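Report on the following structure.
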Amino acid sequence: MTNSRNKGASFEREIANILNDSLGLKKPLKRILEQTREKHLPDLILGKWCIECKRYGQGAEPLESWWDQVIKSTPEDSYPALIYKFNHRPIKVRVPIHSINRSLDKDFNHVCDFSMESFVALLKSLYTEDLENHL
């Protein structure tokens, strides 16, 4: 039987490494270790992005409680991102549609799911200011 805490921590490190490499971050993202002791902290923070990482065996769609968790860990002036993966499926990212088109209402219930590569492209094209602290 797999230890779910170890599996979660491993996936968080994997995502941090993917983002570090894909975005060319010189100040690397690291897991927020206090999240295991304190509620309402994200797994990773990149600028104004609060990122929650979930790795699960069976399924195709993230649980509603996962999205609720990342929203609760996101301050008002920041953006939530849920990065999730199921066995035998690619890594996916859920963000509010407002983060893609700022002219839309800032409603965290309206979301878009896309690939990890698309999330990296979104960060590079619309959120360069959030990358600057890590470059």
Side-chain angles (χ1 to χ4, degrees):
M1 184 170 242
T2 306
N3 180 323
S4 62
R5 181 175 280 182
N6 289 344
K7 183 168 94 174
S10 175
F11 187 59
E12 292 164 19
R13 284 189 295 273
E14 177 183 349
I15 294 304
N17 288 335
I18 289 171
L19 290 172
N20 289 332
D21 294 343
S22 299
L23 298 170
L25 302 179
K26 299 209 177 3
K27 179 181 167 191
L29 288 176
K30 294 183 181 171
R31 293 179 57 235
I32 298 173
L33 299 177
E34 292 82 22
Q35 59 159 308
T36 59
R37 293 183 295 276
E38 287 186 43
K39 275 185 152 183
H40 308 305
L41 287 177
D43 297 327
L44 304 167
I45 296 177
L46 176 61
K48 290 186 176 184
W49 285 92
C50 295
I51 301 169
E52 187 68 34
C53 305
K54 297 291 185 184
R55 176 80 166 84
Y56 205 75
Q58 300 295 319
E61 293 292 321
L63 300 177
E64 192 173 314
S65 62
W66 295 353
W67 185 242
D68 291 342
Q69 181 181 0
V70 71
I71 289 172
K72 287 177 184 169
S73 69
T74 303
E76 190 168 320
D77 63 339
S78 296
Y79 291 99
L82 171 64
I83 301 178
Y84 61 95
K85 178 168 180 20
F86 294 96
N87 287 349
H88 311 294
R89 295 190 178 266
I91 296 171
K92 300 289 245 176
V93 183
R94 175 171 287 180
V95 299
I97 59 172
H98 171 76
S99 66
I100 299 168
N101 183 342
R102 294 179 185 159
S103 68
L104 298 171
D105 288 337
K106 190 173 183 179
D107 183 342
F108 289 159
N109 292 314
H110 298 137
V111 298
C112 176
D113 291 32
F114 46 70
S115 70
M116 187 68 175
E117 294 81 10
S118 295
F119 182 58
V120 167
L122 174 72
L123 294 173
K124 284 181 175 180
S125 61
L126 296 180
Y127 293 93
T128 55
E129 69 276 4
D130 292 306
L131 303 179
E132 289 174 1
N133 289 336
H134 293 275
L135 291 178

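Just so it is clear, the values below take in all heavy atoms, side chains as well, and ignore hydrogens, waters and symmetry mates. Because the structure is predicted, anything quoted here is derived from the model rather than measured.
The hydrophobic cluster containing L44 also contains L131, counting ILVMFWY residues as joined when their side-chain heavy atoms lie under 4.5 angstrom apart, directly or transitively. In the hydrophobic clustering of this structure, M116 does not group with I97; members are Ile, Leu, Val, Met, Phe, Trp, Tyr whose side-chain heavy atoms approach within less than 4.5 Å, directly or through other members. Cluster membership for L63 and V111, using ILVMFWY side-chain heavy atoms within less than 4.5 angstrom, is shared.
Between H98 and Y79, the angle of the ring planes stays under 30°, which puts this pair in the parallel group of the 30/60° scheme.
Contact annotation: the side chain of P90 never approaches that of S115 to less than 4.5 Å [non-hydrogen atoms, C-beta and beyond]. Under the 4.5 Å side-chain criterion, counting only non-hydrogen atoms from C-beta, P80 is in contact with W67. The shortest side-chain heavy-atom distance between L19 and I51 falls under the 4.5 Å cut-off. The shortest side-chain heavy-atom distance between P62 and R94 falls under the 4.5 Å cut-off.
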*Quick one: do F119 and I91 satisfy side chain to side chain contact (heavy atoms under 4.5 Å, CB included)? Show the steps, please.*
CA-CA 11 Å; F119 182 58; I91 296 171; over 6 Å; no
*Under the side chain to side chain contact (heavy atoms under 4.5 Å, CB included) criterion, do F108 and V70 qualify, and how do the steps go?*
CA-CA 10 Å; F108 289 159; V70 71; over 6 Å; no
*Run the side chain to side chain contact (heavy atoms under 4.5 Å, CB included) check on K92 and E61 step by step: do they pass?*
CA-CA 10 Å; K92 300 289 245 176; E61 293 292 321; over 6 Å; no
*Determine, stepwise, if the pair K48 / T74 fulfils side chain to side chain contact (heavy atoms under 4.5 Å, CB included).*
CA-CA 9 Å; K48 290 186 176 184; T74 303; over 6 Å; no
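Contact detail for Q58 and F86: the closest heavy-atom pair is O-CD2, 3.2 Å. In terms of heavy-atom proximity, S99 sits nearest to L126 at O-CD1, 4.0 Å. Contact detail for R102 and Y127: the closest heavy-atom pair is NH2-CE2, 2.8 Å. The shortest non-hydrogen separation linking S78 to C50 is CB-SG, 4.3 Å. Shown here for L123 and W49, the closest heavy-atom pair between the two residues is CD2-NE1, 3.4 Å.
In terms of modelled atom types and a separation under 3.5 Å, the side chain of S22 and the main chain of I18 share a donor-acceptor contact. Looking at R89, its side chain does come within 3.5 Å of a backbone N or O of G59 through a donor-acceptor pair. Side-chain atoms of D43 come within 3.5 Å of backbone atoms of C53 as a donor-acceptor pair (strictly under, hydrogens ignored). Put simply, the side chain of W66 never gets that close to the backbone of E52: no donor and acceptor are under 3.5 Å apart. A donor-acceptor pair under 3.5 Å is formed between the side chain of N20 and the backbone N or O of L29.
Rounding to the nearest 0.5 Å gives a distance of 11.5 Å between OG of S118 and CG of D113. Atom NZ in K27 sits 10.5 Å away from atom CG in L46 (nearest 0.5 Å). Atoms NZ and CD, on K54 and Q69 in that order, are 3.5 Å from each other to the nearest 0.5 Å.
Dense packing is recorded around NZ of K106, with more than 12 heavy atoms of other residues, nucleotides or ligands lying under 6.0 Å away. Within a 6.0 Å sphere centred on CD of E64, other residues, nucleotides and ligands contribute 12 heavy atoms or fewer.
In summary, of the residues considered (I100, D107, N101), a side chain to side chain contact (heavy atoms under 4.5 Å, CB included) with L104 occurs for N101 alone.
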